[in-house]
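Here is the structure we will look at.
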Number of protein chains: 2
Amino acid sequence: MPESGRGPGQGTRGPDRRARRREETRAQILDLAVAIMTDEGVAGLSMASLARALSIQPPSLYKYFPSRMAVYDELFRQGQLANLEALRSGMRGAAPGMDAVAAGMEAAGRWAVSHPVLAQLLFWRPVPGFQPTADAFAPALEIVDQLRRALRDAAAAGQVHPDAASDQGMAVLSTLHFGMLSQHLANDVGSDWDHGRYTRLHHQLIAMFVSAYPPAAR
Amino acid sequence: MPESGRGPGQGTRGPDRRARRREETRAQILDLAVAIMTDEGVAGLSMASLARALSIQPPSLYKYFPSRMAVYDELFRQGQLANLEALRSGMRGAAPGMDAVAAGMEAAGRWAVSHPVLAQLLFWRPVPGFQPTADAFAPALEIVDQLRRALRDAAAAGQVHPDAASDQGMAVLSTLHFGMLSQHLANDVGSDWDHGRYTRLHHQLIAMFVSAYPPAAR
DNA sequence: GTCTATAGGACGATAGAC
DNA sequence: GTCTATCGTCCTATAGAC
């Protein structure tokens with residue numbers, strides 16, 4: 001039997017496989033965490049319940065996440081990334097300007113509505129003691145940037161007033177967007193995007209925003 | 001020493017005093033509960049921490065509230081009542097119609113911003129396993145009723161379109177209101193009403209609502 | 001990377017004496 | 001209505017064998 005690849009020249013596949021397997025297990029843990037949070041509430045996740053769901057003993061979990069808060073942080077980070085990716089994907093499929101803003105926000109909203117537990121973790125503060133790390137929070141800042149750039153495009157195209165891309169305009173837009181999502185999450189979870197009492201207001205809310213920042217007369 | 005009022009004719013003051021003292025203690029418990037929730041998070045309240053704050057033993061608490069959820073329910077009920085009272089008070093000080101709507105919502109918003117912990121309990125779902133009883137939830141329905149009636153007045157006075165008082169109009173209005181409050185609670189707690197990035201949008205949001213439901217031409 | 005064992009608590013709630 | 005005592009349960013996290 002030849003040396004099986006240990007030592008300095010242990011090769012590239014062994015560690016890769018191990019790392020891949022580890023990532024798969026981490027992903028499985030996070031999936032089960034979401035399932036538990038769905039049943040027990042966002043703040044109701046415990047390492048013990050997570051271990052039961054995985055049919056392993058609690059100490060084994062700590063090989064994958066150093067603490068309960070680290071699980072929340074990774075959920076937060078991946079949730080923000082997925083939300084950002086939804087926004088980008090929606091924007092790519094639309095013409096630059098207000099169309100991109102509306103399409104991006106609709107795509108992000110659809111993502112949030114279909115991931116209500118993660119949305120609560122991202123948009124509210126339901127877990128005592130949890131604060132996302134700067135790294136996990138970064139995609140949220142990128143979302144604001146993306147929207148602001150699209151609003152500048154819209155202003156340049158004469159679709160809205162330049163003030164739409166101001167801090168105040170961004171605050172108005174996020175109020176409309178997260179207001180709709182908050183009302184949905186608190187009062188209308190279960191309805192899907194196209195039938196929700198609040199989510200179906202999406203187009204009207206965008207129109208209200210445009211009316212609030214009409215393009216300057218030329 | 002005369003008989004101190006026991007027996008069949010024990011009088012009316014004795015029990016009253018006892019009942020009053022009991023209510024004072026309950027109120028003190030609820031005050032401390034809010035303080036703990038401010039420090040530990042809304043979902044971080046425990047009977048043990050409450051007993052420590054009161055310098056009594058945990059079992060004594062159960063003479064005043066039968067369970068931890070009963071504490072949350074009473075906080076929810078009194079919070080809803082206070083919020084309703086703020087709305088009514090604001091509306092009373094304004095002319096009927098949209099002025100009353102705007103003044104009532106501003107007063108309710110000011111109450112929420114100055115009671116952020118209770119506001120989270122009322123507007124979000126942060127406590128695993130807690131659902132308010134119908135009794136505790138009743139004032140929330142009354143708030144909707146009050147606003148809808150004021151919007152009907154506004155429509156009758158030709159200030160807005162009658163659709164403003166429709167289910168959809170109410171959904172839009174609540175989206176604006178709770179969107180502003182949610183954004184404030186999640187991102188800008190600490191700022192007061194007049195200086196908050198979101199709360200200062202109040203008048204603009206009301207104006208956007210009116211623009212969205214302009215009165216029918218006569 | 002899995003386990004057993006366990007430290008070391010905190011918690012909700014109840015029983016029963018006073 | 002206060003206490004002591006306690007039940008039974010849950011928890012996070014670590015130590016150390018394999």
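None of these values were measured; they are calculated from a predicted model. Numbered from 1 within each chain, the chains take letters A, B, ... in sequence-line order.
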No-hydrogen, no-angle side-chain donor-acceptor test under 3.5 Å, Q28(A) and E24(A): no

Qualifying residues under side-chain contact (heavy atoms from CB on, under 4.5 Å), relative to Q183(A), sequence neighbours excluded: N187(A), Y198(A), S174(B), T175(B), F178(B)

Terminal helix-axis angle for the helix from dG1(C)-dC18(D) to dC18(C)-dG1(D), with five pairs defining each axis and rounding to 10 degrees: 0°

If you look only at distance, which donor and acceptor atoms sit under 3.5 Å apart when one is on a side chain in residues 29-39 of chain A and the other is two or more places apart or in another chain?
residue: T38(A); atom: OG1; partner: V34(A); partner atom: O; Å: 2.8

All pairs passing ring-ring contact (aromatic ring centres under 6.0 Å, His included) where residues 31-66 of chain B contributes a residue, at least two apart: none

Within-4.5 Å side-chain heavy-atom neighbours: S182(B) and F123(A): no

Those residues that, when tested against E142(B), pass side-chain contact (heavy atoms from CB on, under 4.5 Å) (two or more places apart): L84(B), R88(B), D145(B), Q146(B), R149(B)

Of residues 22-43 of chain B, the positions that come close to DNA chain C - non-hydrogen atoms, cut-off under 4.0 Å: none

Bounds of contact between DNA chain D and chain B, in 5' to 3' order, using a heavy-atom cut-off under 4.0 Å: dG1(D) to dA5(D)

Table please: side-chain donor-acceptor pairs of residues 47-59 of chain B below 3.5 Å, with sequence neighbours left out.
residue: S49(B); atom: OG; partner: S46(B); partner atom: N; Å: 3.3
residue: S49(B); atom: OG; partner: S46(B); partner atom: O; Å: 2.8
residue: S49(B); atom: OG; partner: S46(B); partner atom: OG; Å: 2.9

Going by atom type alone, with no hydrogens or angles, which donor-acceptor pairs under 3.5 Å involve a side-chain atom of residues 106-117 of chain A and a protein atom two or more places apart or on another chain?
residue: E106(A); atom: OE2; partner: R110(A); partner atom: NE; Å: 3.0
residue: E106(A); atom: OE2; partner: R110(A); partner atom: NH2; Å: 3.0
residue: R110(A); atom: NH2; partner: D194(A); partner atom: OD1; Å: 3.1
residue: W111(A); atom: NE1; partner: H115(A); partner atom: ND1; Å: 3.3
residue: S114(A); atom: OG; partner: R110(A); partner atom: O; Å: 2.9
residue: S114(A); atom: OG; partner: W111(A); partner atom: O; Å: 3.1
residue: H115(A); atom: ND1; partner: W111(A); partner atom: O; Å: 2.9

Flag if over 12 foreign heavy atoms under 6.0 Å of CD, Q131(A): no

Side chain proximity check, L147(B) to M105(B), heavy atoms < 4.5 angstrom: yes

Sequence-distant partners of P128(B), side-chain contact (heavy atoms from CB on, under 4.5 Å), two or more places apart: A43(A), A43(B)

Report all interatomic pairs (protein N or O, nucleotide N or O of nucleotides 10-14 of chain C) with separations under 3.5 Å.
residue: dC11(C); atom: OP1; partner: S46(B); partner atom: OG; Å: 3.1
residue: dC11(C); atom: OP2; partner: R52(B); partner atom: NH1; Å: 3.4
residue: dG12(C); atom: OP1; partner: M47(B); partner atom: N; Å: 3.3
residue: dG12(C); atom: OP1; partner: R68(B); partner atom: NE; Å: 3.3
residue: dG12(C); atom: OP2; partner: M47(B); partner atom: N; Å: 2.8
residue: dG12(C); atom: OP2; partner: A48(B); partner atom: N; Å: 3.2
residue: dA13(C); atom: OP2; partner: Y62(B); partner atom: OH; Å: 3.1
residue: dA13(C); atom: OP2; partner: R68(B); partner atom: N; Å: 3.1

Partner residues of L81(A) under the side-chain contact (heavy atoms from CB on, under 4.5 Å) criterion, sequence neighbours left out: R77(A), P139(A)

